[in-house]
Every structure is written in C-alpha cells, then in structure tokens.
Amino acid sequence: MKQESGRSMIEMMGVLAIMGVITVGAITMISTAMRTQKRTTVNDEVMQITTGVRQLLGEYDDFSHINNATIFGAIGISPKNPYGGAYTLAVNPSNPRQFIVSITGLSETDCQYFLAKAWTDSVGYQTSNHQQGGATGTCTAGADKNVVRIIYGE
C-alpha cells in the first residue's frame, strides 16, 4: 500500500478558519486606525482654521468680516473635511466678537465624539469652567447630515 502525503479536508478547514480570524482582526485594526486618523485630521484643521481667522481678522474688533472663500484661501486649507462634509465659518449672530466653526457630514458616532471632545480654546469650554466640551450640535439628523459647531472668540 502507498502512503498518501497530502492534507486532509479538516486540516484545510482549520487553516482557513485561522486565516479568517486573522483577517477580521486586521480589518478591525485598520478601521480603528482610519477613524482615529480622520478625527486627528479634523482636530488639527480646526485648530489651523481658528489660528488663521485670529491672525487674519485680529486687527478688527469683531469677526463680521468673515468670508469663507477668502479665509480658506489665505490659510491654505480646503473647506472639505475628511468625512466628505465641509468646514464653514460664520460670525456668531448674538456676539460679533465670536466666530463659529461648523463641521458637517459627520456620522452619529463621530458627531458624538466631537461634541464630547474638549475644544480647550472654545468659548463653551472656557465659560463652563472646563466642564463641557465646548461644542454644540445635533447628532440625530441621519447619516452624514450631522453638524458640530464650535464657538471661538471673546
């Protein structure tokens, strides 16, 4: 009788099962890394926008001169954010010495993350004695329609 030297079907199924578990783990890690990268990018870009607005409009007593196209062009940042939405700037209607940075196009979980995040230089964070994140918005508008607003200024 000849000795067979191959793999059995059970051994192949075991190898495939192990490869499946490894693949699922890798996909989870990649997804988490991508989500973290997007959040970090938004944080960095909001800080750049805030700094740019203050530098460009610092000579004025208020922020009523905000023009999205001019400011984004001068800062060198695209108004499009990593989530496919946009950043927008507006003067606070109740206080012209404040401006609002809005982040649109967020999923519900990312919206909740940015609402809870401590925007340390924002008006809401400062006036709440560092107890609240400083952002406002709604996270229940549906996929990619959520908006977070952060107020900066005096």
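By convention here, the first residue in the shown sequence is residue 1.
- To the nearest 0.5 Å, atom CD1 of residue Ile75 and atom CD of residue Gln48 are 8.0 Å apart.
- No single ILVMFWY cluster, assembled from side-chain heavy atoms under 4.5 Å apart, contains both Val46 and Val123.
- Of the residues listed (Arg39, Lys117, Lys38), the one engaging Asp110 in a salt bridge (charged side-chain N to carboxylate O under 4.0 Å, His left out) is Arg39, and it is the only one.
- For the atom pair Thr51 OG1 and Leu56 CG, the distance stands at 10.5 Å (nearest 0.5 Å).
- The two atoms that bring Val148 and Ala135 nearest to each other are CG1-CB, 3.7 Å, heavy atoms only.
- With rounding to the nearest 0.5 Å, the separation of CD in Gln126 from CD in Glu154 is 12.5 Å.
- Put simply, the side chain of Gln37 does not reach to within 4.5 Å of the side chain of Pro82, judged on heavy atoms.
- For Arg35, there are no salt bridge (charged side-chain N to carboxylate O under 4.0 Å, His left out) partners two or more places apart in sequence or in a different chain.
- Nearest heavy-atom pair, Gly137 versus Leu115, reported as atom, atom and distance to 0.1 Å: N-CD2, 3.6 Å.
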(request) Evaluate the side chain to side chain contact (heavy atoms under 4.5 Å, CB included) criterion for residues Ile66 and Ile71: first the C-alpha distance (whole Å), next the side-chain angles of each, then the deciding distance (0.1 Å), finally the verdict. (result) CA-CA 7 Å; Ile66 283 182; Ile71 289 180; 4.1 Å; yes

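- Side-chain atoms of Thr104 do not come within 3.5 Å of backbone N or O of Gly85 as any donor-acceptor pair.
- The line from CZ of Arg97 to OG of Ser64 is 11.0 Å long, rounded to the nearest 0.5 Å.
- Under a hydrophobic-cluster definition in which Ile, Leu, Val, Met, Phe, Trp and Tyr are linked whenever side-chain heavy atoms come within less than 4.5 Å, directly or via other members, Leu89 and Ile151 are assigned to different clusters.
- The aromatic rings of Phe114 and Tyr83 sit perpendicular to each other, their planes meeting at more than 60°, with 30° as the lower class boundary.
- When all heavy atoms of Val101 and Thr50 are compared, the pair lying nearest together is CG2-OG1, 4.4 Å.
- Between the side chain of Asn92 and the main chain of Ile100, no donor-acceptor pair closer than 3.5 Å is present.
- Residues Ile150 and Ser122 share a closest heavy-atom pair of CG2-CB, 3.6 Å.
- Counting only distance, with no hydrogens or angles, the side chain of Asn146 and the backbone of Thr140 share a donor-acceptor pair below 3.5 Å.
- Between the side chain of Gln131 and the backbone N or O of Ser128, no donor-acceptor pair lies under 3.5 Å.
- The environment of CG in Leu16 is crowded: more than 12 heavy-atom neighbours from other residues, nucleotides or ligands sit within 6.0 Å.
- Here the closest non-hydrogen pair linking Trp119 and Met47 is CE3-CE, 3.7 Å.
- With hydrogens and angles ignored, the 3.5 Å screen pairs no side-chain donor or acceptor of Gln132 with any backbone N or O of Tyr125.
- Closest heavy-atom contact between Thr41 and Tyr87: O-OH, 4.3 Å.
- Qualifying salt bridge (charged side-chain N to carboxylate O under 4.0 Å, His left out) partners for Asp121, counting only residues two or more places apart in sequence or in other chains: Arg54.
- For residues 103-154, the set of pairs meeting the disulfide (SG to SG under 2.5 Å) definition, not counting sequence neighbours, comprises Cys111-Cys139.
- To the nearest 0.5 angstrom, Ile77 atom CD1 is 5.0 Å from Ile49 atom CD1.
- Taking 4.5 Å as the limit, every side-chain heavy atom of Leu106 sits out of range of all side-chain heavy atoms of Tyr113.
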